[in-house]
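Model, not experiment: these values are computed from the prediction. Proteins come first, then strands; the chains are lettered A, B, ... in the order of their sequence lines, and each starts at number 1.
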Amino acid sequence: MDTQYEPQKIEEKWQKLWAEQHLFDADIAPGRKKYYVLEMLPYPSGDIHMGHVRNYSIGDALARYMSMKGLNVLHPIGWDSFGLPAENAAIKHQRPPAEFTFAYIDRMRRQLKRLGVSYDWRREVTTCVPEYYRWNQWFFLKMYERGLAYRKKSRVNWCPQCETVLANEQVVDGCCWRHEDTPVVEKDLEQWFLKITDYAERLLEDMNELVRWPERVLTMQQNWIGRSKGTEVDFKVEELDIPLRVFTTRVDTIFGCTVVFAAAEHPLLEKMIAASKAPEKLRDEVERIKQSAIRARAEVNLEKDGVATGFTARNPYNGEQVPIWVANFVLTEYGTGAVMAVPAHDQRDFEFCTTFNLPIRTVILPKDGKRQEKLEAAFTEYGKLVNSGPYTGLTSERAIERMTHDAESDGYGKGTIQYRIKDWGISRQRYWGTPIPMVYCDACGVVPVQESDLPVLLPADIRLTGTGQSPLASVPEFVATTCPQCGGPARRETDTMDTFVDSSWYFYRYTDPKIETVPISKEAVDYWFPVDQYIGGIEHAILHLIYMRFFTKVMKDIGLVSFSEPVARLFTQGMVIKDGSKMSKSKGNVVDPTAMFEKYGADTVRLYMLFAAPPEKDLDWSDTGIEGASRFLNRVYRVISKHAENVCAVESVLEKKPRPAALPGYTPEERKLLRKAHQVLRHVTEDMEERWHFNTDIALTMELVNEFAELEPGIADGKLRPEVVKETLEILVLTLALFTPHIADELWEGLGHSGATLRVAWPVYNAGLAVEEELELPVQVNGKLRNRIHVAIGANDEEIRRLALADEKIAQYINGRQVVKVIMVPQKLINIVVK
RNA sequence: GCGAAAGUGGCGGAAUUGGCAGACGCGCCAGACUUAGGAUCUGGUCCCGCAAGGGGUGGGGGUUCGAGUCCCCCCUUUCGCACCA
């Protein structure tokens with residue numbers, strides 16, 4: 001082998017060989033255990049970034065380990081290729097988005113191949129091609145059939161400058177991202193929604209199955225879904241004789257209700273205004289509150305404001321009449337859009353009523369019975385009811401139960417559950433996405449496209465201006481169609497789907513990416529699913545990772561799959577940061593991976609990515625750090641190339657059955673080296689199964705190289721025989737194969753093997769060899785480390801105790817004092833307690 | 001405000017179940033080989049101290065023979081949700 005490590009040359013050589021040998025192709029093999037490693041698919045923005053490199057280096061280490069363990073590993077990749085950036089580039093350059101997208105995909109594919117990740121490239125999935133997006137349309141139709149896709153008027157963010165709808169992510173501090181001085185206005189448009197709220201309960205419940213998901217992600221999802229159990233109560237608007245329904249989680253406090261608040265957009269307000277003595281004035285005031293409520297959505301801490309309507313509501317529990325106010329902090333979209341105000345027991349109500357001088361009445365006392373003299377804040381905990389008519393004396397828990405029950409039997413309310421999650425609005429007034437397969441017919445109304453007519457193709461030839469309504473609306477040939485129902489002239493829906501739809505099921509498609517008759521092949525999914533390990537950034541903790549779970553549940557309901565959760569284990573990696581902040585073009589702190597591949601080679605970049613921090617933590621990029629990684633690989637290469645020739649022909653011991661622990665023929669140097677090697681192997685093996693602290697695995701391979709370098713002179717005088725050298729170096733190389741596969745394969749070949757390390761069975765560590773022969777035990781006196789003693793591995797406690805007490809230095813510290821007790825921790829330490 | 005995670009040398013980080021704090025790497029210092037070193041190798045590097053020794057894991061208390069690790073209080077940072085009734 002060459003004496004000089006030339007990463008570019010080696011990496012090119014092995015990537016070519018791997019491809020020729022179809023090393024990473026995975027096929028269904030009934031009876032053989034599978035392992036599905038999935039990394040979040042990239043958006044083809046043009047160049048891979050360090051976040052990708054980190055993500056895929058982690059996934060690749062795992063995929064390679066599982067392969068070497070003998071599992072049938074599926075490790076695919078694809079392109080999340082619809083979306084705004086391509087469309088914006090298209091507007092800027094007046095070229096079709098497809099052109100950019102496919103060019104970017106080609107470029108990124110080359111870069112990923114340059115990284116040498118073990119992908120089965122035959123399974124590449126691209127979401128922006130009709131062969132893929134037709135199934136988005138198919139899923140949409142299935143959901144429409146089941147009432148899970150529906151249309152309603154809803155509020156959107158609208159930039160008056162661009163004359164277009166903005167996604168939530170494009171609203172920055174209440175303004176348009178492209179016109180930073182232009183406040184976004186809200187506009188009502190007809191939009192398509194997917195009824196994820198129908199699945200809220202199952203999304204929560206099935207979290208029980210997600211035992212291998214990070215707690216953090218589950219908590220975020222739980223908060224996002226936001227289930228809260230409460231009671232709906234009808235207050236009667238006396239003057240109009242119609243009910244005003246409120247939602248509360250604390251019906252036990254209702255005797256303390258002194259006001260009822262309605263949101264500024266509550267539908268009942270129109271009637272109140274109409275019946276008001278001063279309708280003009282009320283209308284103006286409600287409008288004022290409405291504006292302030294809209295501002296409240298953008299700002300953080302808006303002051304509470306409100307206005308009395310002049311109307312009153314009757315509390316059904318005590319018959320009391322309380323004023324109805326309109327308040328700026330009441331949400332229209334949540335609950336019933338109206339709440340009862342209990343200032344004594346809700347902090348917001350307390351603040352409001354203090355400001356507006358409304359009465360405050362205590363109805364809950366702390367369970368210890370102590371009453372506060374002066375209320376300075378609301379008492380919001382559970383307690384015991386007072387001043388609450390027949391419920392006085394009950395605990396809050398009991399009262400909620402009883403009062404809800406009474407509301408139900410007397411017909412003025414009911415127990416109910418509210419969710420914070422809203423239905424998923426998927427309409428985008430954009431071009432570069434999946435057309436929503438619906439048709440509007442003057443005679444028949446809203447009609448779905450026939451399944452047999454899918455896909456509804458996105459027209460290729462289109463001029464994008466970036467202004468006005470949906471770009472598709474300006475393509476007459478697209479819009480004009482015939483009604484699937486009556487055959488008469490009709491118009492197509494011109495909105496496209498949110499790209500999160502694309503990514504909600506792409507990982508199913510990998511299992512049979514070219515199947516044409518159905519979205520997914522049952523046979524393939526049955527074999528490969530669930531995804532054993534999903535790896536991606538924490539930023540997807542809610543949106544994508546909820547949508548994906550939702551889709552799977554729908555797929556189960558329509559009989560496509562037989563399980564409810566698609567991903568068994570989730571891992572969220574940390575970000576790559578530099579100089580304290582996330583790498584971004586605007587900050588100018590981006591490190592380009594391809595430049596690093598040029599300079600150091602892909603193996604070095606991978607090694608550094610895995611070594612610099614444990615994978616779940618943020619990783620701070622350091623230019624000198626990567627130098628260190630490069631230095632290490634050079635050192636490994638140098639060391640191995642130096643001895644390769646001498647050990648090449650020696651028969652490999654690793655390929656045989658594990659040997660007994662201590663072979664009498666081994667020299668002390670050999671035992672020491674083998675012990676280290678097998679300790680490293682043990683640590684890496686255990687770590688790959690569970691902990692994934694690759695940084696410590698790599699640290700250990702460094703220690704092994706250090707140990708080898710120290711003992712190396714022994715080779716010349718026969719203290720280290722070639723077979724031991726070979727075994728040590730083999731363990732080193734196979735461990736590195738997980739993290740730096742190219743150099744590993746090259747070195748493996750240098751050690752006299754042929755073919756890729758991926759095809760080598762992961763070696764089993766020799767438990768006996770990994771055990772120390774002699775223990776160095778720290779001895780403490782009164783908890784302070786005073787000396788270390790050496791004991792034989794088999795020594796019993798009595799013997800060790802005697803040795804410790806007899807130790808000269810220890811004796812000095814005991815110094816005639818009385819030994820109260822001696823604590824012996826097996827294999828760890830001795831602590832002598834003296835008085 | 002609520003929720004979560006985290007605070008260890010000059011830096012990234014080790015210490016997996018309460019048991020030798022600082023592995024490994026970066027940086028730095030000294031030396032060797034060199035025409036040269038941004039190559040390589042050797043030694044050193046938590047703080048105070050010549051040493052013996054002492055101190056030390058954000059701060060304060062506690063449990064324990066023993067605490068980076070467990071408990072209580074406080075501080076700081078990051079992330080998520082932010083008037084969800």
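- A gap of 15 Å separates the P atoms of G68(B) and U8(B), to the nearest Å.
- Within 4.0 Å (heavy atoms only), Arg420(A) reaches at least one base atom of the nucleic acid.
- Rounding to whole angstrom units, CD of residue Glu351(A) and P of A85(B) are separated by 16 Å.
- In this structure, Arg549(A) forms no cation-pi arrangement with Trp224(A), as its terminal cationic atom is not both closer than 6.0 Å to the ring centre and no more than 45° off the ring axis.
- Side chain to side chain, Asn328(A) and Ser292(A) meet the donor-acceptor criterion of an N or O pair below 3.5 Å.
- Defined by atom type and a distance below 3.5 Å, a donor-acceptor pair is present between the side-chain atoms of Ser396(A) and Asp252(A).
- Below the 3.5 angstrom threshold, one finds no donor paired with an acceptor across the side chain of Arg216(A) and the base of A4(B).
- Using P as the reference atom, A14(B) and G60(B) are 25 Å apart when rounded to the nearest Å.
- For C41(B), one of the phosphate oxygens OP1 or OP2 lies less than 4.0 angstrom from a side-chain nitrogen or oxygen of Arg638(A).
- Rounded to whole Å, the distance from OH on Tyr5(A) to C1' on U40(B) is 17 Å.
- Counted within 6.0 Å of CD on Glu689(A), heavy atoms from surrounding residues, nucleotides or ligands total more than 12; the atom is thus considered enclosed.
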Nucleotide N/O to protein N/O under 3.5 Å, stretch nucleotides 50-56 of chain B:
from   : atom 1 : to        : atom 2 : distance (Å)
G53(B) : OP1    : Tyr813(A) : OH     : 3.0
G54(B) : OP1    : Arg786(A) : NH2    : 3.4
G54(B) : OP2    : Arg786(A) : NH1    : 3.2

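- Side-chain rings of Phe611(A) and Phe739(A) stay apart, their centers remaining 6.0 Å or farther from each other.
- The separation between Glu215(A) atom CD and C79(B) atom C1' is 16 Å, rounded to whole Å.
- Between Lys642(A) atom NZ and C41(B) atom P there is a gap of 11 Å when expressed in whole angstrom units.
- One P atom belongs to A21(B), the other to A67(B), and the distance between them is 11 Å to the nearest Å.
- Using the six-membered ring where Trp is involved, Tyr547(A) and Trp424(A) have ring planes that are parallel, under 30° apart on the 30 and 60° scheme.
- The shortest side-chain heavy-atom distance between Leu204(A) and Arg227(A) falls under the 4.5 Å cut-off.
- Backbone-only engagement by Val833(A) is indicated by non-hydrogen atom pairs under 4.0 Å involving sugar-phosphate atoms exclusively.
- The gap from the P atom of A23(B) to that of U16(B) amounts to 15 Å, rounded to the nearest Å.
- Glycosidic conformation at G9(B) (O4'-C1'-N9-C4 for purines, O4'-C1'-N1-C2 for pyrimidines): syn, within 90° of 0.
- Per the geometry, CH2 belonging to Trp325(A) stands 23 Å off P belonging to A85(B), to the nearest Å.
- The NZ-C1' distance, from Lys304(A) to C84(B), rounds to 13 Å in whole Å.
- In this entry the distance linking CE of Met220(A) with P of A82(B) reads 11 Å, nearest Å.
- Mapping Lys821(A) and Arg250(A) onto RNA chain B by nearest heavy atom places Lys821(A) at the nucleotide closer to the 5' end.
- Two residues are said to be in side-chain contact when any heavy atoms from C-beta on lie closer than 4.5 Å; Asp807(A) and Val779(A) fail this criterion.
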If the sugar-phosphate is the primed atoms plus P, OP1 and OP2 and the base is the rest, what is the B/S/- string for nucleotides 11-25 of chain B, using protein heavy atoms under 4.0 Å?
-BSSSB--BB--BBS
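- Considering only side-chain N and O atoms, Tyr419(A) lies nowhere under 4.0 angstrom from the phosphate OP1 or OP2 of C84(B).
- Rounded to whole Å, the C1' atom of U42(B) lies 23 Å from the corresponding atom of C46(B).
- Side chains of Arg802(A) and Asn796(A): no donor on one and acceptor on the other come within 3.5 Å.
- The CE-P distance, from Met340(A) to A85(B), rounds to 12 Å in whole Å.
- Nucleic acid contact for Thr249(A): sugar-phosphate only, since backbone atoms but no base atoms lie under 4.0 Å from a heavy atom of the residue.
- Within the 4.5 Å cutoff, no side-chain heavy atoms of Val363(A) are placed close to those of Phe379(A).
- The residue from Phe247(A), Trp325(A), Phe329(A), Phe235(A) that alone fulfils the ring-ring contact (aromatic ring centres under 6.0 Å, His included) condition with Phe261(A) is Phe329(A).
- For the residue pair Tyr765(A) and Gln679(A), no side-chain donor N or O sits within less than 3.5 Å of a side-chain acceptor on the partner.
- Within 4.0 Å of Val330(A), counting heavy atoms only, lies at least one base atom of the nucleic acid.
- The same atom, C1', is picked in U45(B) and in U63(B); the two are 37 Å apart, to the nearest Å.
- No side-chain heavy atom of Val259(A) sits less than 4.5 Å from a side-chain heavy atom of Val322(A).
- Across G61(B) and U69(B), the matching P atoms stand 14 Å from one another, rounded to whole Å.
- Rounded to whole Å, the P atom of G19(B) lies 40 Å from the corresponding atom of A30(B).
- Paired runs in RNA chain B that reach 3 or more consecutive Watson-Crick or G-U pairs, where each pair keeps both distances under 3.5 Å, cover B:1-7 with B:75-81, B:10-12 with B:24-26, B:27-32 with B:40-45, B:46-48 with B:53-55, B:58-62 with B:70-74.
- Figure legend: Lys304(A) and Phe352(A) shown without cation-pi pairing, the cationic atom not lying both under 6.0 angstrom from the six-membered ring centre and within 45 degrees of its axis.
- Looking at the side chain of Thr219(A), the nearest of the listed nucleotides G27(B), G3(B), A85(B) is G3(B).
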